[in-house]
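This one's a predicted model, so the numbers in the text were calculated from it and none came from an experiment. Index from 1, following the sequence. Indexing begins at 1, ligand by ligand and atom by atom, following the structure's order.
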Amino acid sequence: MIVKQFSEIWLSVQALVSQFEDVAVVEKVLGHSLKILSTAMKPQGGEHPLTVAVRVRPMTEHEILSGCTQVAHTVDNQMVVLLDPTEDPDDILRVNRSRERRYMFDHAFNDIADQEEVYQVTTRFLIDQVINGYNGTVFAYGATGAGKTYTMLGTQDNPGIYSRALNDLFLLVAKYEEENIYNVSMSYLEIYNEMMREDAKGGVQVASLSEVSTASTEEIMELLQQGNMERTQEPTKANQTSSRSHAVLQVTVKQRTRARGINSQVKIGRLFLVDLAGSERAANTQNRGKRMVEGAHINRSLLALGNCITALSESSDKGARTYVNFRDSKLTRLLKDALGGNCKTVMIAHLGPASFHFEESRNTLMYADRAKRIKNKVRRNVEDVSYHIAQYTQIISELRSEIERLRAKVSMTVTRQPTSGIQAVQNEVLRSANDQEFFKQKEQLMLTFQEQMALRRKLMDLNNSSTEIESEISRQALLINDWESEQLKAKEMKEMVGSGDRELDKQLDLEGYSYDEIEPTNVKDAKAELQVLLSDKKKTDKLKMSVTKELEIARHKAKSVEENLPKYVSTELQKEILDLLLKIHEMEIQNIENTSQLYIKDSLISQKDIIIARYMDYKLIADHIISQQRALLQEQRDLVIPAELRDSYSLYQNQLQQIEEVHNDYRNILPPIKVCSIDINQ
Ligand SMILES: Nc1ncnc2c1ncn2[C@@H]1O[C@H](COP(=O)(O)OP(=O)(O)OP(=O)(O)O)[C@@H](O)[C@H]1O
């Protein structure tokens, strides 16, 4: 986009230069062009592939009857407010502190928003995408009972996104039937505990257009309702009919133009509509055993999903490929197609508004907020930060020296030419030829600069991908290594103790010396993943080499143009234009510097977070020691505690209280603390 704006601006500058010989007019135009350019160069993510919406469902009768208050509200169609029910509004000490937290999203739906509104705002635009051969995904995210299935599937009277999306899709297919031949196929499947279960009845094939009608949507909906009822549902502490699996409705639209010959095109678009399992943490549902295992799998896949969305958004922001690990869970593996490539993703986070769901609502809002923030920032993992800064610093210093070289050339004096006589006519002829050459050279210089910038960015992204792949390789290798050494230890122990005794084997298993003859799935997966990663690394390294070479060639080209250019600078105007060129280059540097500053700031903040976390750990240990010493002192009943020590204790208690208060205010960002309370007056 920036490149396009560059050339548009230069075309207009050139046109104007040929029209006006008046430098003042041109200057004005150049100033205006620079303004446009600076807007174009502000860091931006372009049209982002991720939309985040929040839907707050109405309070249920049960919630109202049990005396719950409503803590989640929408303020307008973008803002959601969450009130902390644990804080007493009449507490005078806290009267100046805000009990509410505000969150902004792309869309916020209140409890009276109807199904059609939610569909139109969040999903309708994806149908056009899919019919044009792109991918689109809608996730319903939220804790159990927050309204995910209501939004996606809905009820007979109030159908949700599935039905509305299919209807519109079929209407569009019918509309373009004369030009294209369509094939729409669908599958509805469930991912439960990292196992995929294809719903036998959900595998609907709509082979030709004649079968595609509103009637078929109804039929499909019936199958989906049935499929949903057969989903793995169990009562948890939080919801009587909690879905413990992710349900994915995948619709594939293949399209071929009826016209045969070279213009005949085949497009494939996919729509994934995903009703995720409840996001509550395993611990929060107070479930044990089987439910705990489910919880762990659900958390794992939701985490993997979050990571993929992050990585993908970074790739799209930078226009280059970032390593995206789809292999961390079945859900992300399945959604690889849906998320990668030309995909637009919509996340609809759901909230139960009652005070009873405060914690879950807060977690959901934080997950959604994190997803939302992805699009405005170009931020990576904390570990990468210093590496990024180093790369930026190098690029900036290279660009600076290039600009300095160019500036030295441009600043040479322009020779005054005679304004009358034969000499003047000759000069005029020469000048016109010279002008043409000047503009050609200037164009060349700009192009080589742009080429270099693009290559530098590409190289930087490749370097980042390479680092990410390497760290992923070490992670997988570590996992395999850990398992192998555990196995070796267990084997040795069993051989030493003398295996065969079942009781003894059981005891050893209990003590952690379990020996598996068969490789567990996660180790198998890690090995497979390692292979893919190694081949990814090879490809990235190869690409890096070729981009480095290209960059070297581009640098060479730029240098020779720079050498030639001053020969053609004969007028003040041309000098002005070159100056402008330098300014543009400087702005590009400024842009990079800003991004680099962002990393530095992020890095500092995260370092401070780490220091705070360390202090917290230190404080915990200190608390522990103090409480033990206190207990010891109390055991020595006749020991008199000196007044000074007593004062120190009360000071310590005071500080503890203050820390606790600060912590309550910043509990979203600070690590959890456990304050040992010691009663000094005992
Ligand atoms: N916007 C809404 N309007 C009216 N009723 C709703 C709305 N959202 C949810 N409900 C009702 O709230 C209850 C719980 O909703 P739902 O089953 O969709 O939750 P869920 O998030 O899918 O839960 P789980 O993850 O446990 O499956 C249902 O009875 C549903 O009909």
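The shell of residues lying under 4.0 angstrom from ligand 1, judged by heavy atoms, includes G145. Within the 4.0 Å heavy-atom cutoff, R55 counts among the residues contacting ligand 1. Proximity of A140 to ligand 1 is not established, as no heavy-atom distance is less than 4.0 Å.
Short contacts between ligand 1 and A143, defined as distances under 4.0 Å to a heavy atom of the residue, involve ligand atoms 21 (O). Residue-ligand proximity, G278 to ligand 1, at heavy-atom distances under 4.0 Å covers atoms 25 (O). Each of the following atoms of ligand 1 lies closer than 4.0 Å to a heavy atom of T144: 23 (O), 24 (P), 25 (O), 26 (O).
With sequence neighbours left out, H73 forms a side-chain contact (heavy atoms from CB on, under 4.5 Å) with Q70, L83. Shown here are the salt bridge (charged side-chain N to carboxylate O under 4.0 Å, His left out) partners of R124, two or more places apart in sequence or in another chain: D128, D168.
Looking at D275 next to ligand 1, no N or O pair under 3.5 Å apart turns up. Between G147 and ligand 1, a contact under 3.5 Å exists for at least one N or O pair. Considering backbone and side-chain N/O of T60, none are found under 3.5 Å from N/O of ligand 1. Polar contact check, P58 against ligand 1: no nitrogen or oxygen pair lies under 3.5 Å apart.
Within the 4.5 Å cutoff, no side-chain heavy atoms of F109 are placed close to those of N77. Looking only at side-chain heavy atoms (C-beta outward), Y134 and R270 stay at 4.5 Å or farther from each other.
Scanning L351, N158, T149 for the heavy atom closest to atom 22 (O) of ligand 1 points to T149. The nearest non-hydrogen atom to atom 20 (P) of ligand 1, considering only M59, H350, K148, H62, comes from K148.
Residues H107 and T122 bring no donor and acceptor atom of their side chains to less than 3.5 Å of each other. Remark: the R164 side chain and the T123 side chain contain no N/O donor-acceptor pair separated by less than 3.5 Å.
Taking OG from S361 and CZ from F356, the interatomic distance works out to 11.0 Å, rounded to the nearest 0.5 Å.
For L65, the CG atom counts as densely surrounded, since its 6.0 Å shell holds more than 12 non-hydrogen atoms of other residues, nucleotides or ligands.
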